[in-house]
2 protein chains.
Amino acid sequence: MSDQINTVANISLWLVEDNRHFQQTMFSLINESDGFECAFAFDSCEEALEKLKNAAPPEVILLDIGLKGMNGIEGVKKFKEITPATHIIMLTIQDDSNTVFEALCAGASGYLLKDSSPERVIESVKEVIAGGVSMNAHIAKKIVDMFKQLNPPKGNYRLTEREKEILSFLVTGLSKKQIADKLFISFHTVNTHIKNIYEKLHVNTRAGVISKAFKEKLV
Amino acid sequence: MSDQINTVANISLWLVEDNRHFQQTMFSLINESDGFECAFAFDSCEEALEKLKNAAPPEVILLDIGLKGMNGIEGVKKFKEITPATHIIMLTIQDDSNTVFEALCAGASGYLLKDSSPERVIESVKEVIAGGVSMNAHIAKKIVDMFKQLNPPKGNYRLTEREKEILSFLVTGLSKKQIADKLFISFHTVNTHIKNIYEKLHVNTRAGVISKAFKEKLV
DNA sequence: TCAAAAATACCACAATCGTGCGATTGTGCC
DNA sequence: GGCACAATCGCACGATTGTGGTATTTTTGA
């Protein structure tokens, strides 16, 4: 508790990038920015991971997506295993949405085009530290599209409330008898409801109902 | 082909917003921006939808998410039905991610906080016209999180290739006999395989296997 | 108020399923 | 050679399912 006289601690960043020229540029850019400090710059994930064994993890890692050796995607996973609280921003030359998308799924918090303006770099870092995910409109669209695709408008088979209820029990794997007991109705009634569900969904086996229910998000 | 002397056509926008003060501010902001033109401003979705019947649709609609009458979400759906090529940007007072998320799923191309800077507004419009989706880091995180949730790491139950194959047939609703015929093996063999699958997945009904297969993305 | 829709209940029977056994063959591995 | 494992095949039997009916009561909507 001696010499905390100047300011609050800087945000610490690490840089993993094999292009020495770009590495230098980025390194300087960060260290010249108020409140940020680029502690280390590495040429490969392997080196950075090695360093993590005996150094405090940074708050943010800027990680080239196209590294030799362990590539960025694998890198994200490894880093996140070791220090899950560290935010990782991918660096890419081009707007390759597939790769970026994979990186996000692997745990990255955003990505930056390498030719981004210094302001944009700093803005991204701030965004991820605030808990956000930093991406551009193009990637955002990819993700929203994919999301919509995974959430197709659910088909309407005009199931009644009771039928939906029973469908949900079928999906959990209950037998007719178990459903009857659960709803305090007769086995025969459940039988009838199931017959009606089968007819409405155009299926004729348990397996058919359940697949259809999952595929079309009926449950 | 007569008087195309001045410039390329302006980007046409419509504004749907019931707060008259904000409506005026935004209207002026847009019309003062080079290359943009706010053709109409409406107080409600109903009015704008009415106008669409006899006016050319705009390239972009700025749509308040919290309108009286038909709200923004329903509005997006209606607009998109009538003029799917029109990009819609939602206007929100607060960063309400659930609503914004619904809007995006309903077809919106982005959203703007109402206190965004004029530059941010124009930037968003440009982004959506370029085919992107405009959102901030906070919403982006929500969506990426949701996406990850939909793609959980698949459990490994050490199913053999044959078992996986049979599992996939089970999911499509085939009976033991049908599977046997399809694979040119005996009914009894299929029976055995299914028994083993049940044991490995810790289930004991057809329904159980299929739900588990879907929930854990085994197929 | 009256008809339609939904929920309830019952019966019977063939088909299919789940599960208890046991057994042979081929393959890879130490 | 011996061991583990996957794939194959077999039998038996009780449990459950799917399907063909019919029929009553309650709820809903026009």
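Chain identifiers are assigned alphabetically (A, B, ...) following the order of the sequence lines, protein sequences preceding nucleic acid strands; residue numbering begins at 1 within each chain.
A:Ser175 comes within 4.0 angstrom of the backbone, heavy atoms only, and of no base.
For the pair B:Thr160 and D:dA7, the criterion of a side-chain N or O lying under 4.0 Å from OP1 or OP2 is met. Regarding contacts with the backbone of C:dT8, a side-chain N or O of A:Arg162 is found under 4.0 angstrom from either OP1 or OP2.
Considering only heavy atoms from C-beta on, A:Leu91 comes within 4.5 Å of A:Leu15 through its side chain. Here the side chains of A:Val100 and A:Met135 are not in contact, with every heavy-atom distance at 4.5 Å or above.
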Could you walk me through whether B:Arg206 and B:Leu170 satisfy the side chain to side chain contact (heavy atoms under 4.5 Å, CB included) test, starting with their C-alpha distance in whole Å, then the side-chain angles of each, then the deciding distance to 0.1 Å, before giving a yes or no? CA-CA 8 Å; B:Arg206 199 60 56 100; B:Leu170 285 180; 3.5 Å; yes
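Of the candidates D:dA7, C:dC11, C:dT16, D:dA7 carries the atom nearest the B:His193 side chain, counting heavy atoms from C-beta on. Across C:dC11, D:dT8, D:dA12, the shortest atom-to-atom separation from the side chain of B:Asn191 is found for D:dA12.
One interatomic measurement links the two molecules: CD1 of A:Ile166 to P of D:dT17, which rounds to 13 Å at whole-angstrom precision. B:Lys176 places its NZ atom 14 Å from the C1' atom of D:dC9, with the value rounded to the nearest Å. Note: CZ (A:Arg158) to P (C:dA6) measures 9 Å, nearest angstrom. A:Arg206 places its CZ atom 8 Å from the C1' atom of D:dT16, with the value rounded to the nearest Å. The distance between atom CD1 of B:Ile210 and atom P of C:dC17, rounded to the nearest whole Å, is 11 Å. One atom, CG of A:Leu174, and another, P of D:dT17, lie 10 Å apart when rounded to the nearest Å. The nearest whole Å value for the distance from the CD1 atom in B:Ile194 to the C1' atom in C:dT16 is 11 Å.
We find that A:Arg162 and A:Glu165 are joined by a salt bridge, their nearest charged nitrogen and carboxylate oxygen being less than 4.0 Å apart. A salt bridge is absent between B:Glu81 and B:Lys78: the closest approach of a Lys/Arg side-chain nitrogen to an acidic carboxylate oxygen does not fall below 4.0 angstrom.
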Under 3.5 Å donor-acceptor pairs involving side-chain atoms of residues 43-50 of chain A, not counting sequence neighbours:
| residue | atom | partner | partner atom | Å |
| --- | --- | --- | --- | --- |
| A:Asp43 | OD1 | A:Arg20 | NE | 2.9 |
| A:Asp43 | OD1 | A:Arg20 | NH2 | 3.4 |
| A:Asp43 | OD1 | A:Gln23 | NE2 | 3.1 |
| A:Asp43 | OD2 | A:Arg20 | NH2 | 2.4 |
| A:Ser44 | OG | A:Glu47 | N | 3.2 |
| A:Ser44 | OG | A:Glu47 | OE2 | 3.3 |
| A:Glu46 | OE2 | A:Met70 | N | 3.1 |
| A:Glu50 | OE1 | A:Lys53 | NZ | 3.3 |

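Classified by interplanar angle (parallel below 30°, tilted 30° to 60°, perpendicular above 60°), the ring pair B:Trp14/B:Phe40 is perpendicular.
Residues A:Asn71 and A:Glu74 have side chains that bring a donor and an acceptor to within less than 3.5 angstrom of each other. With hydrogens and angles left out, the side-chain atoms of A:Glu216 and A:Tyr157 include a donor and acceptor closer than 3.5 Å.
Sorted by residue number, the members of residues 178-188 of chain B with any non-hydrogen atom under 4.0 Å from DNA chain D read B:Ile185, B:Ser186, B:His188. Looking at residues 195-205 of chain A, you'll see that no heavy atom sits under 4.0 Å from any atom of DNA chain C.
The residue among B:Lys177 and A:Glu163 whose nearest nucleotide of DNA chain C is located toward the 5' end is A:Glu163.
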